[in-house]
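Quick notes on the structure that follows.
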2 protein chains.
Amino acid sequence: MHRLPRAAPDLPAESPDTKSRILDAAEELFMEHGFEATSLRLITTAAGVNLAAVNYHFGSKEELFQAVLTRRLDPMNRDRMELLSTYEAHAGDRPLTCEKILAAMFIPALRLARDHATGGKNFLKLLGRAYADPAPFIREFLSRQYGEMIARFRAAFSRALPHIPREELSWRLHFVMGALSFTLAGTDVLRVISQYHPDEASNDELLLKRLAPFLAAGLRAPSPAEDGGHHPLLDA
Amino acid sequence: MHRLPRAAPDLPAESPDTKSRILDAAEELFMEHGFEATSLRLITTAAGVNLAAVNYHFGSKEELFQAVLTRRLDPMNRDRMELLSTYEAHAGDRPLTCEKILAAMFIPALRLARDHATGGKNFLKLLGRAYADPAPFIREFLSRQYGEMIARFRAAFSRALPHIPREELSWRLHFVMGALSFTLAGTDVLRVISQYHPDEASNDELLLKRLAPFLAAGLRAPSPAEDGGHHPLLDA
DNA sequence: GCTCATTTCAAACGAACGTTTGAATCAGGG
DNA sequence: CCCTGATTCAAACGTTCGTTTGAAATGAGC
């Protein structure tokens, strides 16, 4: 099935196997232009491989896209769950704080953004954009990939915030994922909103350090159902 | 330039002028499949008009997309700013609450979702997805359309939260826009997160009533810069 | 050194795309 | 009634798309 050709004795950092070169090029180009607007010819040219290589190694363009996502999303979500388990074991039977749970979500993403020099950041952008893509095969794929992790984290938040009704918590988790993916996608809408310190905008750690307190406060907000109701919003 | 053919005496709800039929069909299909994956042939067939009509009336596919967005986005953002001005005038020289400012952002969006029977909800979904689209012409268009409104609202939040540094506030405004657009886009990721009460998920008013307290609490959170620092996140 | 399965390659496939063209159709004013 | 400008229409334009094909190249095992 898989070929193990040269053991790559000491080639500098160039020309890993064809499959990886396609994945790297596809990751960057999908991130830059989106799925539909990125042609296989663009990808294979950038990767320096033959056009037919994609269909040979991956089967189709859609399967290539899923392979691009799986390669990094799978380990990242596994890391998230492991980190959450570590925190929980360390806390004994006391519930975790929201900040700690959010840290279990963010740290693996940060690790990804830093480890692979450019690849990681490209991937997070790509992931943020995939969230908003209407293509059914993307939506189903993400549901499959995220299902287990989300369930674990919802349970953790549920213990951390016992006074928040389950349904309300589901919504807030949805908002958290929205703000996170929007932020990681790093769209240039930011240029409109802030006066845009470019050197800081690219610093993901600082970015998430700002996002976490924001989200933690939102998660802890009194539930509309528990504080007697009548919020001013939308009643005017 | 524009033709005013029949005054449409009492045609039930069918066959407005060609331009509107194209806009309606395009709005729904762009929402459903995205910009790149929606062909002009699909749009014109759904609208019951000739293929060439798009290029005749709008010039190109890109200009059609911008026309779809402008048609509703323009009035909505104008409504938002007017509502904010109304609230500010009513409050005299006291700063508005975060909830009130958020209401000025949400209510026009809700009005849009309700007024035009199906069109409005389609549009909000489309708008949420356009936020994440990498196409340069979309990004530039949104920057142009949103610039003025964002500036107004940032000023309002700045008065409501004088203890939050300007830069921190810019980030939080970014998070607010992210959560809002993600929520309005209404991706099915939601199906993963919550156990999904379908009849409630489609109720935008309830949805935004949950989102507003969440965001208001996040906006009011102590700034990492002002509370002496050392947050637990990311230090583990 | 031949074998055979794996991988690469140039070339082509049919389909679908956005856009253009030029004639047909229409409505209203002289 | 024809003229004029605006709109619709069928047809075709050239390009690009994802995928397939069949032969050439490759490399490990006997």
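Just the heavy atoms: all of them, side chains too, but no hydrogens, waters or symmetry mates, feed the values below. A, B, ... follow the sequence lines: proteins, then strands. Residue 1 opens every chain.
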Point to revise | Ion pair check, A:Glu168 and A:Arg172, cut-off under 4.0 Å | key: yes
Check your understanding: Any salt bridge between A:Asp24 and A:Arg71, counting N to O under 4.0 Å?
Key -> yes
Atom [atom1] of [X] and atom [atom2] of [N]: how far apart are they, to the nearest Å?
X: A:Arg21; N: C:dT8; atom1: CZ; atom2: C1'; result: 12 Å
X: B:Leu64; N: C:dG18; atom1: CG; atom2: C1'; result: 12 Å
X: A:Asp17; N: C:dT6; atom1: CG; atom2: C1'; result: 14 Å
X: B:Phe58; N: D:dT7; atom1: CZ; atom2: P; result: 12 Å

Review point. Going by atom types only, do A:Ser170 and A:Glu167 share a side-chain donor-acceptor pair under 3.5 Å?
Key: no
Review point. Do the side-chain N and O atoms of A:Ser85 and A:Glu82 include a donor-acceptor pair separated by under 3.5 angstrom?
Key: no
Check your understanding: Hey, what's the ring geometry for B:Phe65 with B:Phe30, parallel, tilted or perpendicular (30° and 60° as the breaks)?
Key -> perpendicular
Check your understanding: Dot-bracket, DNA chain C: Watson-Crick or G-U, under 3.5 angstrom, [ ] crossing, | other strand?
Key -> |.||||||||||||||||||||||||||..
Exercise for review: Let me have a per-nucleotide readout for nucleotides 11-24 of chain D, 5' to 3', with B, S or -, counting only protein heavy atoms under 4.0 Å.
Suggested key: -B----BBBBB---
Point to revise | Heavy-atom side-chain contact between B:Tyr146 and B:Leu73 under 4.5 Å | key: yes
Review point. Taking only side-chain nitrogens and oxygens of A:Thr18, does any of them come within less than 4.0 Å of OP1 or OP2 of C:dT8?
Key: yes
Practice item. Look at A:His57 and C:dT6 and indicate whether a side-chain polar atom (N or O) is within less than 4.0 Å of OP1 or OP2. Key: no
Study note, to complete from the structure: Between A:Val49 and A:Thr18 the two heavy atoms that sit nearest each other are CG1-CG2, 3.7 Å
**Study point:** Distance-minimising heavy-atom pair for B:Asn77 and B:Gln145
**Key:** ND2-O, 3.5 Å
